[in-house]
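So the structure is just underneath, and the comments pick up after that.
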Amino acid sequence: VASAASSMWTGGTERQQYLSSMTHFMGGDQSAAREMMDWANENARTTQFSSGEVLAAASRAIQIADGSATEAQRLTQLSEDMASLTPGKTVMDAMEALADAQMGEFERMKEFGFKGSADAFEAAGGDFWSMQSTSNGKTVEEMFAGGTASGAQNATAKIGTITGTFDDALASAGEKM
């Protein structure tokens, strides 16, 4: 019981912090921030990642995307695909690699197998989404497409989805404390 109460408290306070951060970077629009959090929670239920992992990545994505929920969702889904296909890497590791890449820095992207360069970035007009890997000619979305779906099929991911749903319920209850 004490463990459940602790999970509720911790999960709830984390969610409140994510909401505050998202609200700030979305120009003070708490309704839009709440919609983004709801999207992230629902999205987490379809992946092998916990809602806490996805909320952290989505919160960071809002910062990277200058408050755009649509762009943040795209970044979050891509970071999930990348982490799913790269054992040992987290969703946040992938999100930070994407943050760097959007600034033209590709060192962290190499950890996920995407080889970019300043020349390729410049050739794409500084548009990270349309630049192609120097090793295989694919865009980052083409390279990692379907990663989350593939990763969700292993036994560890299936167990993680079940426990994540339970943890999400506790955190949601804790958010109201």
Side-chain angles (χ1 to χ4, degrees), residues 7-84 86 89-106 108-109 112 114 116 121 124-131 139-149 151-152 160-161 164-177:
S7 292
M8 281 175 50
W9 177 259
T10 302
T13 56
E14 282 179 356
R15 284 172 187 248
Q16 290 169 359
Q17 290 171 340
Y18 294 137
L19 180 62
S20 294
S21 176
M22 288 183 192
T23 299
H24 175 81
F25 288 104
M26 296 179 94
D29 188 343
Q30 189 169 21
S31 176
R34 172 59 64 191
E35 285 179 28
M36 183 65 188
M37 282 190 61
D38 290 346
W39 173 87
N41 280 320
E42 186 60 36
N43 174 268
R45 288 185 192 105
T46 65
T47 72
Q48 67 267 37
F49 303 110
S50 72
S51 61
E53 290 174 290
V54 175
L55 279 168
S59 180
R60 179 68 173 111
I62 285 291
Q63 295 171 356
I64 297 166
D66 293 324
S68 166
T70 302
E71 184 77 1
Q73 289 171 3
R74 188 178 182 191
L75 285 163
T76 301
Q77 289 174 320
L78 178 56
S79 68
E80 292 166 349
D81 285 339
M82 291 169 63
S84 291
T86 312
K89 293 294 182 182
T90 67
V91 179
M92 190 56 87
D93 291 337
M95 186 60 70
E96 291 302 335
L98 291 171
D100 287 353
Q102 293 223 336
M103 300 298 294
E105 172 56 52
F106 299 98
R108 288 193 211 189
M109 289 297 292
F112 293 89
F114 186 87
F121 188 66
D127 179 11
F128 165 74
W129 297 104
S130 63
M131 75 166 281
T139 67
V140 70
E141 287 178 303
E142 291 169 342
M143 185 165 169
F144 296 103
T148 302
T161 299
T165 301
F166 179 71
D167 290 344
D168 180 47
L170 289 175
S172 291
E175 189 177 1
K176 294 168 180 58
M177 294 174 91

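Predicted model, so just to flag it, every value in this text is computed and none were measured.
Thr86 contributes no side-chain N or O that, together with a main-chain N or O of Ala83, makes up a donor-acceptor pair within less than 3.5 Å. Using modelled atom types, no side-chain atom of Asp38 and backbone atom of Glu35 make a donor-acceptor pair closer than 3.5 Å. Checking side-chain atoms of Ser68 against main-chain N and O of Ala65 turns up no donor-acceptor pair under 3.5 Å. Remark: the backbone N or O of Lys89 is not paired with any side-chain donor or acceptor of Asp93 at under 3.5 angstrom.
For Phe25, the ring-ring contact (aromatic ring centres under 6.0 Å, His included) test picks out no residue, with sequence neighbours left out.
One side chain, Arg15 or Ser51, offers a donor N or O that lies under 3.5 Å from an acceptor on the other.
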field: Residue pair Asp100, Phe106: steps toward the side chain to side chain contact (heavy atoms under 4.5 Å, CB included) verdict
entry: CA-CA 7 Å; Asp100 287 353; Phe106 299 98; over 6 Å; no

task: Would you check, one step at a time, whether the test side chain to side chain donor-acceptor pair (under 3.5 Å) holds for Ser84 with Asp81?
output: CA-CA 5 Å; Ser84 291; Asp81 285 339; 5.4 Å; no

task: Please assess Asn43 against Gln77 for the test side chain to side chain contact (heavy atoms under 4.5 Å, CB included), listing each intermediate value before the final yes or no.
output: CA-CA 8 Å; Asn43 174 268; Gln77 289 174 320; 3.8 Å; yes

task: Just do the side chain to side chain contact (heavy atoms under 4.5 Å, CB included) check on Leu98 and Ile64 with the steps written out, would you?
output: CA-CA 9 Å; Leu98 291 171; Ile64 297 166; 5.6 Å; no

task: Under the side chain to side chain contact (heavy atoms under 4.5 Å, CB included) rule, what do Val140 and Met109 come out as? Steps first, then yes or no, please.
output: CA-CA 9 Å; Val140 70; Met109 289 297 292; 3.6 Å; yes

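Counting only residues at least two apart or in different chains, side-chain hydrogen bond (donor to acceptor under 3.5 Å, both in side chains) contacts with residues 19-30 comprise Ser21-Ser59.
Atom CE of Met95 sits about 8.5 Å away from atom CZ of Arg60, to the nearest 0.5 Å. Once rounded to the nearest 0.5 Å, the distance linking CD of Gln17 with CG of Leu55 reads 11.5 Å. Here Leu75 contributes atom CG and Gln102 contributes atom CD; the two are 5.0 Å apart, rounded to the nearest 0.5 Å. Once rounded to the nearest 0.5 Å, the distance linking CD of Glu96 with CZ of Arg108 reads 5.5 Å. Rounding to the nearest 0.5 Å places CD1 of Ile62 at 6.0 Å from CE of Met22. The CD atom of Glu141 lies 4.0 Å from the CZ atom of Arg74; values are rounded to the nearest 0.5 Å.
Nearest heavy-atom pair, Leu19 versus Ala33, reported as atom, atom and distance to 0.1 Å: CD1-CB, 3.8 Å. Closest approach of Thr76 to Met36, counting heavy atoms only: OG1-CE, 4.4 Å. Nearest heavy-atom pair across Met143 and Phe112 is CE-O, 4.2 Å. Shown here for Ala56 and Tyr18, the closest heavy-atom pair between the two residues is CB-OH, 3.3 Å. In this structure, Ala40 and Val54 approach most closely via the heavy-atom pair O-CG1, 3.5 Å.
With Trp39 as the aromatic partner, Arg34 does not meet the cation-pi criteria of under 6.0 angstrom to the ring centre and within 45 degrees of the ring axis.
Under the 30°/60° scheme for interplanar angles, the aromatic rings of Phe114 and Phe144 are found to be tilted.
Looking at Glu105 and Phe121, their side chains never come closer than 4.5 Å, going by heavy atoms from C-beta outward.
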